[in-house]
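Heavy-atom basis, side chains included; hydrogens, waters and symmetry copies ignored. Treat the numbers as computed from the prediction; the structure is a model and nothing was measured.
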Amino acid sequence: MATDLILHVALLLVMPPLVLGVIQKTKAWFAGRSGPPLLQAYFDLWKLLRKGAVYSGTTTWLFRAGPIVSLATALCAGLVMPLAGASSPLGFSGDVILFVYLLGLGRFFTMAAALDTGSSFEGMGASREAAFSAFAEPALLLCLAILCIPARSVSLSEALATLSSVPPGFSHPAYLAAALGLFAVLLAENSRIPVDDPNTHLELTMIHEVMVLDHGGPDLAVVLYGSAVKLFVVGALLVHVVVPPPPEGDLEGVGLLLGGQLGLAIAVGCVESMMARLRLPRVPQFLVGASVLAGIGLAALLYRGAP
Amino acid sequence: MLGTILLAIALLCLSAFVAALLTRFDRASLAIGTTGSVIACLTGAIGALIALVRQEQSAFRGTWSLPLGEPHVAMDALSAFFLLCVFLVSGLAAVYASGYLPAYLGRRRLGPAVALFNLLVAAMAGLVVARDGILFLISWEVMSFASFFLVTFENEREDVRRAGMTYLVASQFGVAFLFILFVLLGRSSGTYDFDRFAAAGGLANTCFLLAVVGFGSKAGFWPLHIWLPEAHPAAPSHVSAVMSGVMIKLGIYGLLRTLTFLGPPAVWWSTVVLLLGAISGLTGIVHALAQRDLKRRLAYSSVENIGLIALGIGLGLLGQSHGNALVSFFGYSGALLHVLNHGLMKGLLFHGAGSVIHGTGTRSIESLGGLYRRMPTTALSFLVGCVAICGLPPLNGFVGEWLIYVGAFRGAASLPTAGAVLALVAIPVLALIGGLAAACFVGTFGTVFLGEPRTEVVPRAHESGLAMRSTMGIGSLLCVAIGFWPAGALRLVVPAVALVGQIPALASDASSPLLAMSRLAFVLTLVIAVLALLRSALLRGRAVTQGVTWGCGYAAPSPRMQYTASSFAQPLLAPFAPILHVRVEEDGPSGYFPRGARYDEHISDVAGERFLIPGTRRVVRALSRLRVIQQGRVQLYVVYIVATLVALLVWQLMGAGK
């Protein structure tokens, strides 16, 4: 039990920045560059953590709280999400909803911190983040409903444990719909192409990056680390849908998770290299599409019966 | 414990009477009214709480009789729960009023406002304990009229008078249905006593529909919600807090109480309530996003929250009609807990809004900004209210929404397909409402309290006095307490749920996850605290300097360039344009050297603009034909009287002949 907990927390704390590195490497490979080292995100964090800070005179404590709350909620979401194996340290019956709303709490404080600067660019970013996440949330919850209904449970651990009892792969069309829907939500929630471009250099076109324009030093490190953790945690959910976790947390579970995350990072990198960003008015359609897909999956589940 | 409640009601009436007598002495009537209501609310709340915890039931039947009925009052768990909400929110509002009303000194008499406020609270409490149709309707009407006069407190303003009329018409429209409801129930059971009310079959269906319309118009179900965004901004803020926090919930109480008369629900009832809840919730929050008046925003958000409560009741009915006690339990308990939660947080938000209006003199969100520095207590408690009303953990709003969500998930997994589809509809609706609410309230908080002041009213703003700040502080603490100890809050709700629906054999199904939820709330707080300590440890001894906000190289930024609440909401409102009635007056820049430009956007309610106002016009036109009988001549009216008397005489004689 204790080793499981230590393993879980260690995975959650150590691995997330590596995923960013894999995405960068994939994109570099597509572009024919050698790209930054795999561990670049760790170096960036180390560099930022050693700096001082500059705060705008307009801001209040909310500006400093934004990154912290965002990271804390991502970590807590990671504590209810099964990582290696189908159980989680703080999971309970109903944690599915808590998982979604914890991410919502982090977003609330990120947006509040952005508005705290009084900059119109950051307000614009917050506004877009609010809009797109409002459309992403129904899709996420519908995908989670697909996982929960066959398990007759509202717990992430039990839902994923049910998945591991069915044959691997997409044994039911609903799971395919859930995986695709979750992938769309993952791209939107983590500000990836085609919803947002993490590498853009023009404030007017940014969404997430523009919200954190004024953060620097250790605060920026917390922001970067927090978004990596969020990507890792939401990614873990998608990985488990595609590659169901073994019931017991052991090295096999760790291997499956890390292999899955590697594959997911490469997939995200491929999407980023091969697709352009959607025009802003198209993004809600993309996300509503994900909801519709999940709805079709649910219809398949209800009318064709659970696997 | 019923005695305590009746004592509280008597004290409220007495203090209202004395305050009304002392109208000429503003401060004295305010002091007496406040003292009376605070003591009454405190005793009442404690009495209701004890009754809930001990699960007491008590009744009192008067020996004398009212015309058509008898003074029968009783308190069961459902009454006790709603009494707790009424006394808690009203007590806080009374303390708040003692700091808020003196601003009107010299401009208005305070006595009537104080007396009517106490009368309103007394009527609400009386309504909840009434067990007789006539007594219930009398309390209901006293409540409606007292609140009408409170809404029109500033009656020298034309918009206030119009809002008051809208409210009066809406509440009398609703009560007409309630009269029919009680007459039908009374005829079928031969008495107006609630204990003997029963209906089944077709009568139950009719009664259900009458209750949905009659009580729904008070609660603010779409499309009967249109009085809410008019009346709440017009009323003084403590009255808005009580009206939005508890008075509209008494519509929910009425609906639940009626459901106890009607026996096992038909399957289609749940469809009706679920759909009404979904529509009210979505239109409420979309309209809230479109408002620029702080209190109108909060009023529309009440429509949204009533929608959430209706979704919970709908799931409760759905579970009940399919014989699934677990789904029914989660639906009803979520709905009831949200009644308490919304009372607390909406009270808190209206008090915060009142404090902003008190300090700046404006309700327009777009003219504020940067108020955090000038009103830190108000800002902090408003932030707590915003996080709570978005249903975010670890505050109380999340707990109620969580229960409703779990009901929907369980319903989707365990009900037969037709029921499962209905339960499934609730999930994306709840999620979308949650996302839109977060956008609405982060936008509101950010525009009002963060950033730079947008106009000159802000630098002159001042923080409110001790009474108002302490009310907001207590309200925030209650929101936090329920969020961190949801299992305790659930215990208040369970006995009331047992009266409306069924309690599943595994009632612990809800309380052990709630304990896990409190554990997670503490873990989250701990993680935040550790991270904050780490951050300050890292920055110790390093250069921490102050600069200006990065303006992307632009050298002359001005506060007017900030994002406003309207621009914040724009990307969300664009996809919802079909359900908003948008009217744009635009005079855009033209030519090579444009001089001025103007853009005006008016967003009004589709329910009002497309259905209710044209419908009312048509009815008025049809009825105007009757004006021929109203000539204004006394002689003609005397003829009417004589004709009526003769007709009655003839009818009586013919009847007697038989």
Side-chain angles (χ1 to χ4, degrees), chain A residues 49 52-58 60 62 68-69 71-73 75-76 79 90 92-94 96-98 101-102 104-105 107-108 111-112 115-121 123-124 126-128 130-131 133-135 137-138 141-142 145 148-149 152 154 203 213-214 218 222 280 284 291 298 302-303, chain B residues 372 387 390-393 398 402 405-406 409-410 412-414 417 420-421 424 427-428 431-432 434-436 438-439 442-443 445-446 450-452 513 516-517 519-520 523-524 527-528 531-532 535 538-539 542-552 559 561-563 567-568 570-572 575:
Chain A
L49 281 176
V54 183
Y55 294 112
S56 158
T58 311
T60 62
L62 270 161
I68 290 178
V69 176
L71 173 60
T73 51
L75 287 173
C76 284
L79 289 178
L90 286 181
F92 59 92
S93 169
V96 170
I97 300 135
L98 184 78
Y101 276 69
L102 272 175
L105 178 70
R107 201 182 302 120
F108 186 99
M111 293 190 285
L115 290 171
D116 201 11
T117 61
S119 148
S120 45
F121 290 114
M124 192 182 293
S127 158
R128 290 172 182 167
S133 61
F135 289 107
E137 253 175 42
L141 273 158
L142 283 174
C148 287
I149 288 177
R152 293 179 170 259
V154 263
E203 290 88 344
L213 266 185
D214 261 59
V222 173
L280 288 177
S291 296
L298 280 168
L302 286 183
Y303 289 98
Chain B
Y372 205 111
V387 175
C390 295
L392 293 173
F398 176 69
W402 180 85
Y405 261 119
V406 173
F409 270 87
R410 296 222 178 250
S414 55
T417 308
V421 169
L424 267 180
I427 295 175
L432 190 56
L436 292 170
V442 87
F445 182 78
L450 303 178
E452 293 285 344
M517 206 191 286
R519 195 174 55 199
L520 217 118
V523 170
L524 178 68
V527 174
I528 291 176
L531 287 174
R535 182 185 148 280
L538 271 177
L539 284 178
R542 294 195 194 150
V544 178
T545 50
Q546 207 179 60
V548 290
T549 298
W550 167 238
C552 305
M561 289 163 58
Q562 288 176 94
Y563 242 45
S567 40
F568 189 86
Q570 193 275 334
L572 266 171

Peer 1: Using heavy-atom distances under 4.5 Å, tell me whether Leu75(A) contacts chain B through its side chain, its backbone, both, or neither.
Peer 2: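 Interface part for Leu75(A): side chain.
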Peer 1: Report the option among Val154(A), Leu141(A), Leu79(A) that has the most heavy-atom pairs separated by less than 4.5 Å from atoms of chain B.
Peer 2: Leu141(A)
Peer 1: Counting heavy-atom pairs under 4.5 Å with chain A, which one of Ile427(B), Leu424(B), Val421(B) comes out on top?
Peer 2: Leu424(B)
Peer 1: Please find the pair of heavy atoms, one from Trp402(B) and one from Gly94(A), that lie closest to each other, and give the distance.
Peer 2: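 Shortest heavy-atom separation between Trp402(B) and Gly94(A) comes out as NE1-O, 2.9 Å.
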Peer 1: Please look at Ser414(B) and chain A and tell me whether the side chain, the backbone, both or neither of the residue comes under 4.5 angstrom of a heavy atom of that chain.
Peer 2: both
Peer 1: Relative to chain A, which of Ala516(B), Gly547(B), Ala439(B) shows the most heavy atom pairs under 4.5 Å?
Peer 2: Gly547(B)
Peer 1: What part of Ile528(B) gets closer than 4.5 Å to chain A, counting heavy atoms only: side chain, backbone, both or neither?
Peer 2: both
Peer 1: Picking from Leu102(A), Leu280(A), Val69(A), which has the most non-hydrogen pairs under 4.5 angstrom with chain B?
Peer 2: Leu102(A)
Peer 1: Please look at Pro393(B) and chain A and tell me whether the side chain, the backbone, both or neither of the residue comes under 4.5 angstrom of a heavy atom of that chain.
Peer 2: both
Peer 1: Which pair of non-hydrogen atoms, one from Thr549(B) and one from Thr117(A), has the smallest distance, and what is that distance?
Peer 2: OG1-O, 2.8 Å
Peer 1: Can you name the nearest heavy-atom pair linking Ile149(A) to Ala412(B), along with the distance?
Peer 2: CD1-CB, 3.8 Å
Peer 1: With rounding to the nearest 0.5 angstrom, report the CZ to SG distance, Arg410(B) to Cys148(A).
Peer 2: 9.5 Å
Peer 1: Give me the atom names and distance for the closest heavy-atom approach of Ala72(A) to Val527(B).
Peer 2: CB-CG1, 3.6 Å
Peer 1: So which residue, Val548(B), Leu432(B), Leu539(B), Thr545(B), ends up with the most heavy-atom pairs under 4.5 Å with chain A?
Peer 2: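 Of the options given, most contacts go to Thr545(B).
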Peer 1: With a 4.5 angstrom heavy-atom cut-off, could you sort out which part of Val96(A) is near chain B: side chain, backbone, both or neither?
Peer 2: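 Only the side chain of Val96(A) comes within 4.5 Å of chain B.
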Peer 1: Out of Arg519(B), Met561(B), Arg535(B), return the one with the most heavy atom pairs under 4.5 angstrom to chain A.
Peer 2: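 Ranked by contacts with chain A, first place is Arg535(B).
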Peer 1: Using the side-chain hydrogen bond (donor to acceptor under 3.5 Å, both in side chains) criterion, which residues pair with Ser133(A)? Sequence neighbours excluded.
Peer 2: none
Peer 1: Let me know if Thr58(A) has heavy atoms under 4.5 Å from chain B in its side chain, its backbone, both or neither.
Peer 2: both
Peer 1: Mind ranking Ala131(A), Ala130(A), Gly104(A) by heavy-atom pairs under 4.5 Å with chain B and telling me who comes out on top?
Peer 2: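 Ranked by heavy-atom pairs under 4.5 Å with chain B, first place is Ala131(A).
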Peer 1: Using a 4.5 angstrom heavy-atom cutoff, name the option from Leu436(B), Leu524(B), Thr417(B) with the most pairs to chain A.
Peer 2: Leu524(B)
Peer 1: Do the ring planes of Tyr101(A) and Phe398(B) sit parallel (below 30°), tilted (30 to 60°) or perpendicular (above 60°)?
Peer 2: tilted
Peer 1: Tell me, out of Pro559(B), Ala543(B), Gly446(B), who's got the most heavy-atom pairs with chain A below 4.5 Å.
Peer 2: Ala543(B)
Peer 1: Taking the side chain as every heavy atom from C-beta outward, state whether Leu450(B) and Leu62(A) have any pair of such atoms under 4.5 Å apart.
Peer 2: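 When only atoms from C-beta onward are counted, Leu62(A) and Leu450(B) do touch, with a gap below 4.5 Å.
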Peer 1: Between Phe108(A) and Phe445(B), does the ring centre distance come in under 6.0 Å?
Peer 2: no
Peer 1: Tell me which of these, Pro218(A), Gly52(A), Gly118(A), Ala53(A), has more heavy-atom pairs under 4.5 Å with chain B than the rest.
Peer 2: Ala53(A)
Peer 1: Looking only at heavy atoms, which two atoms of Leu49(A) and Arg542(B) are closest? And how far apart?
Peer 2: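 Nearest pair, atom of Leu49(A) first, then Arg542(B): O-NH1, 2.7 Å.
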Peer 1: Locate the shortest heavy-atom distance separating Ser127(A) from Pro571(B); write the atom from each residue and the value.
Peer 2: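 Residues Ser127(A) and Pro571(B), closest heavy atoms: OG-CG, 3.1 Å.
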Peer 1: Which answer fits Tyr372(B), side chain, backbone, both or neither, if we ask what part of it has an atom under 4.5 Å from a heavy atom of chain A?
Peer 2: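 The side chain, not the backbone.
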Peer 1: Leu298(A) versus chain B, heavy atoms under 4.5 Å apart: side chain, backbone, both or neither?
Peer 2: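 Looking at Leu298(A), just its side chain touches chain B.
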Peer 1: CD of Glu452(B) to CG of Asp116(A): how many Å apart, nearest 0.5 Å?
Peer 2: 10.0 Å
Peer 1: Would Val222(A) and Leu531(B) count as a side-chain contact (heavy atoms from CB on, under 4.5 Å) here? Give the steps.
Peer 2: CA-CA 9 Å; Val222(A) 173; Leu531(B) 287 174; 5.6 Å; no
